[in-house]
Amino acid sequence: AYAYTSMIDSLCKEGRLEEAATMIKEMGKHGTELNSHVCNTLINGLIQASRLGDAVLLLRQMGRNGFSPTVVSYNILIHGLCKAGKISEASSFVKEMLENGWKPDTITYSSLLDGLCQDRNIELALNLWHQFLVMGFNPDVTMHNILIHGLCLAGKLEDAMNVFVKMGQWNCVPNLVTYNTLMEGFFKARDSDTATAIWGCMYKIGLEPDIVSYNITLKGLCMCGKVSYAIKLFDDALNHGILPT
RNA sequence: UCACUGCUC
């Protein structure tokens, strides 16, 4: 089942759903039973093929076939719905989880939080964040990054910085994504000084800028009318073996 | 011990 899951997952991710279906039939012939992991990869494949309705049907089917959907099944679906902008539908699945005794986890709430942020609904996003804390969860680095990104999108840079400096209280260490997100936020607000300072902080703690850092900073410097710095930075990137795109 | 889910350009 481990091997089948890996192969079916890869087929789904390449959009080769037909071949994935064939392989599932083959599983049965070899006496390997279907399990939730295999179904979850399929749900994921259906979502990536924009077949959200079929993904929901498959989740429903799981309940009827003896093995129930897991938190991961719901998480895949909720993430897919959020990415498709169907936030309220995603929320109703979270409610359904709670009603059925499935405990939504940090990933569930992170997906929903990201959906709200992308929907530019920072008020509801902050609401969800506070509820999450009240429920006694500990946000991880990824969830912090999602909130910081949302606050930047809403132009609330000070709030974003506040969340950033408080990460340590949750035993979270900011990572490259955190720094990249903040730099982009400040560049978009035309504050290249702060963005540059963040780049410096990143270096200080030993994080190496990646291709995303360079793309954000190159674009940001150009936006802020600092093309000469951008050209210098481009050379710097090449010297580090990175070719910005 | 090995398989499925969330963040930045």
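Predicted, not measured: the structure shown is a model, and the values here were computed from it. Just so we're on the same page: letters track the sequence lines, and every chain starts at 1.
Side-chain proximity of A/Ile146 to the nucleotides B/C7, B/U5, B/C9 is greatest for B/C7. Side-chain atoms of A/Asn35 lie closest to B/A3 of the nucleotides B/A3, B/U8, B/G6. Nearest to the side chain of A/Ser110, among B/C9, B/G6, B/U8, sits B/G6.
Looking at heavy-atom distances under 4.0 Å, A/Met143 makes contact with a base. A/Thr5 comes within contact range of at least one nucleobase, with a heavy-atom separation under 4.0 Å. Nucleic acid contact for A/Thr106: base, since at least one base atom lies under 4.0 Å from a heavy atom of the residue. At the heavy-atom level, A/Lys83 lies under 4.0 Å from the strands shown only through sugar-phosphate atoms.
For the pair A/Asn100 (side chain) and A/Trp102 (backbone), a donor-acceptor distance under 3.5 Å is absent.
Atoms CG (A/Leu233) and P (B/C9) sit 18 Å apart, rounded to a whole Å. The OH atom of A/Tyr2 sits 7 Å away from the C1' atom of B/A3 (whole-angstrom rounding). Look at CD1 on A/Ile216: it is 10 Å from P on B/U8, rounded to the nearest Å. Taking atom CG on A/Asp140 and atom C1' on B/C7, their separation rounds to 9 Å, with Å as the unit. Protein atom NE2 of A/His37 is 8 Å distant from nucleotide atom P of B/C4, rounded to whole Å. Taking atom NE2 of A/His149 as the reference point, atom P of B/G6 lies 17 Å away to the nearest angstrom. In this structure, A/Tyr214 places its OH atom 19 Å from P of B/C9, rounding to the nearest Å. In this structure, A/Ile148 atom CD1 and B/C7 atom C1' are separated by 10 Å, rounded to whole Å.
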Next item on the list: Apply salt bridge (charged side-chain N to carboxylate O under 4.0 Å, His left out) to the pair A/Lys13 and A/Asp9, showing each step before the final yes or no.
Entry: CA-CA 6 Å; A/Lys13 284 183 176 145; A/Asp9 187 38; 2.9 Å; yes
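Proximity of the aromatic rings of A/Tyr203 and A/Tyr179 is defined here by a centroid distance below 6.0 angstrom, and this criterion is not met. Two rings, from A/Trp199 and A/Tyr214, have their centers less than 6.0 Å apart.
By the side-chain contact (heavy atoms from CB on, under 4.5 Å) test, A/Asp191 pairs with A/Phe186, A/Asp193, A/Thr194, sequence neighbours left out.
Side-chain nitrogen and oxygen atoms of A/Lys13 include at least one within less than 4.0 Å of the OP1 or OP2 phosphate oxygen of B/U5.
For A/Ser111 against B/G6, a side-chain-to-base donor-acceptor contact under 3.5 Å is absent.
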